[in-house]
Participant: 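Structure below; questions to follow.
To find a chain, count down the sequence lines: A is the first, B the second, and so on, and within it residues start at 1. Atom set for the values below is all heavy atoms of this structure, side chains included, hydrogens, waters and symmetry mates excluded. All values reported here derive from a predicted model rather than from experimental measurement.
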Amino acid sequence: MNEELKKTIIEYIKREYLEEDAPEEVNESTPLISGGIVDSFSMVSLKTFLEKKFSIKIPDDKATPEAFDSVNNIMNLLKEFNVT
Amino acid sequence: MAYSDKARGYYDSEIKGIQGAGTFKEERFIASPQAANITVEFPAGAPHKEVLNFCANNYLGLSSHPDVVAAAHEGLKERGYGMSSVRFICGTQDIHKELEQKLTGFLGTEDTILFPSCMDANAGVFDVVLDKEDAMIADRLVHASIVDGMRLCKAQLFNYKHSNMEHLEEKLKETQDCRFRLIITDGVFSMDGDIAKLDEICDLADKYDAMILVDDSHASGFMGKTGRGTHEHCGVIGRIDVITTTLGKALGGASGGCVSGRKEIVELCRQRARPYLFSNTVPPVIVAAASKVIDIISNTTDRRDKLEQNTIYFREKMTAAGFDIREGIHPIVPIMLYNAKLAQDMARDLYGEGIYVIGFSFPVVPKGQARIRVQLSAGHEKEHIDRAIAAFTKIGDKYKILGKKKNEIIEMYGL
Ligand SMILES: Cc1ncc(COP(=O)(O)O)c(C=O)c1O
């Protein structure tokens, strides 16, 4: 399940943020925000996706650039909402 | 005194952090009017230096035009210096209404409302137009002032990959349950000088019943055959619901901005837009001069035509000289260097040659896309542009990047 979850999120990030011919690879530890793939403005798509997908509401104080900076970080965040 | 050592130490460490990150901004003092030729003191305390300015938003060369300056004098004489009031108390003169009407005519919209700046227009407009049952769907590269304006609005925020119409369409499908949707884009994007696909955006807006807002700050006055803006360039005059733009760039360059578009939206801004209600009116001297600017550019396209010629000439010559230039037709010309330090070093050397340009790097532009951004003006003469090209060629040769492609430059200098 855990691996599947990761895969779902990675797939979404690729589709939502990378151009089709982009050379970047995304894995669970790729820095997303500090790496310049996702900026703080476009982060909202990812947040909305997670909220819809898992029927949760991530409050603004938890939706920090650090919490979203890699798929691993996102997995940790999701744990707080009992999504595993 | 409650400015404690703790507070002072904290702010100081923040400043040091900015310096350490290499993003500390230093002002350069200009001791002349804004023009193609300026006198600059840089670094602070250095002797004055005459340089050619290739980094101003003075697209039409009107910032210090004698007719504009004369109109400002006349406005000062006839309507005074300040109004000491917001618009709706006692800050609206006849000339404010007149300028709003001229802008409406020039932009081809239904009505216009002036704001202290375009930053203020963008800060105020979204909250007026949309509420929580609505959606804002913005291009990912919109200007910072739009990002801030959207933050002040309760509507749900969505964004799409830069100029990617399939992605925009996905977002339009995703938001079909919302009451109103507003597609939000810059007409021209300020870092690349690329142009929004307004014709396709209009078609999508029609198909999915969405409204459109365009920030045309880098287009009003010169894009399109008669300079109306990106909507004229794309053949969609009358199909854009809201245009925000600035008087602080091509249109005289002093300050002020506006929201122009559907008349009900403009009226609601008069009633509810907070930066309009709670900030002082645009001063008469600026209103009078801006009004003159609209007269000048309504009567003749000479200046925008010259800007177009200057742009074509510079782009052709720089490409022939072997620079890697983002293709396009806009007077913003990004000279791609990819490496941040290379961009800084070359900009510094060009300044030494008397050419004032700025290097941009992350976070202002995406990582690995550092560049020098050149901005042309109708105020540039051919000899100015030739001098810039000669200096670029000399410095480009020094860094051995002439004729080099993207991957070759990255190989030499890294990202
Ligand atoms: C696209 C865009 N919108 C708005 C602004 C802000 O305009 P103003 O200087 O009138 O606040 C700028 C200026 O930097 C801009 O480039």
Participant: Against chain B, label L18(A) side chain, backbone, both or neither, depending on which of its atoms sit under 4.5 Å from a heavy atom there.
Facilitator: backbone
Participant: Report, as yes or no, whether the 6.0 Å neighbourhood of atom CG on N27(A) holds more than 12 heavy atoms from other residues, nucleotides or ligands.
Facilitator: yes
Participant: Check for a donor-acceptor pair, side chain of K161(B) on one end and backbone N or O of R15(A) on the other, with a separation under 3.5 Å.
Facilitator: yes
Participant: Under 6.0 Å from the CD atom of Q19(B), do we count more than 12 heavy atoms belonging to anything else shown?
Facilitator: yes
Participant: With a 4.5 angstrom heavy-atom cut-off, could you sort out which part of D139(B) is near chain A: side chain, backbone, both or neither?
Facilitator: backbone
Participant: If you define the side chain from C-beta out and look only at heavy atoms, does anything of V44(A) sit under 4.5 Å from F158(B)?
Facilitator: no
Participant: Looking at NZ of K367(B) and CD1 of I37(A), how far apart are the two atoms once the value is rounded to the nearest 0.5 Å?
Facilitator: 9.5 Å
Participant: Answer yes or no: are there more than 12 heavy-atom neighbours, outside Q176(B) itself, under 6.0 Å from its atom CD?
Facilitator: yes
Participant: Is there a side-chain contact between R140(B) and Y17(A) (heavy atoms, below 4.5 Å)?
Facilitator: yes
Participant: Which residue is it: V142(B), I146(B), L141(B)? I am looking for the one with a side chain to side chain contact (heavy atoms under 4.5 Å, CB included) to F41(A).
Facilitator: V142(B)
Participant: Tell me, side chain or backbone of K47(A) under 4.5 Å from chain B's heavy atoms, or both, or neither?
Facilitator: neither
Participant: May I ask you to check whether over 12 heavy atoms, not counting those of D209(B), lie within 6.0 Å of atom CG?
Facilitator: no
Participant: Answer yes or no: is there a side-chain heavy-atom contact under 4.5 Å between H162(B) and E19(A)?
Facilitator: no
Participant: Around R179(B), counting heavy atoms of other residues, nucleotides and ligands shown, do more than 12 lie under 6.0 Å from its CZ?
Facilitator: yes
Participant: Taking the side chain as every heavy atom from C-beta outward, state whether S45(A) and K171(B) have any pair of such atoms under 4.5 Å apart.
Facilitator: yes
Participant: At what distance, to the nearest 0.5 angstrom, does CG of D39(A) lie from CG of N159(B)?
Facilitator: 7.5 Å
Participant: Quick one: list whatever passes side-chain contact (heavy atoms from CB on, under 4.5 Å) with N407(B), sequence neighbours left out.
Facilitator: K405(B)
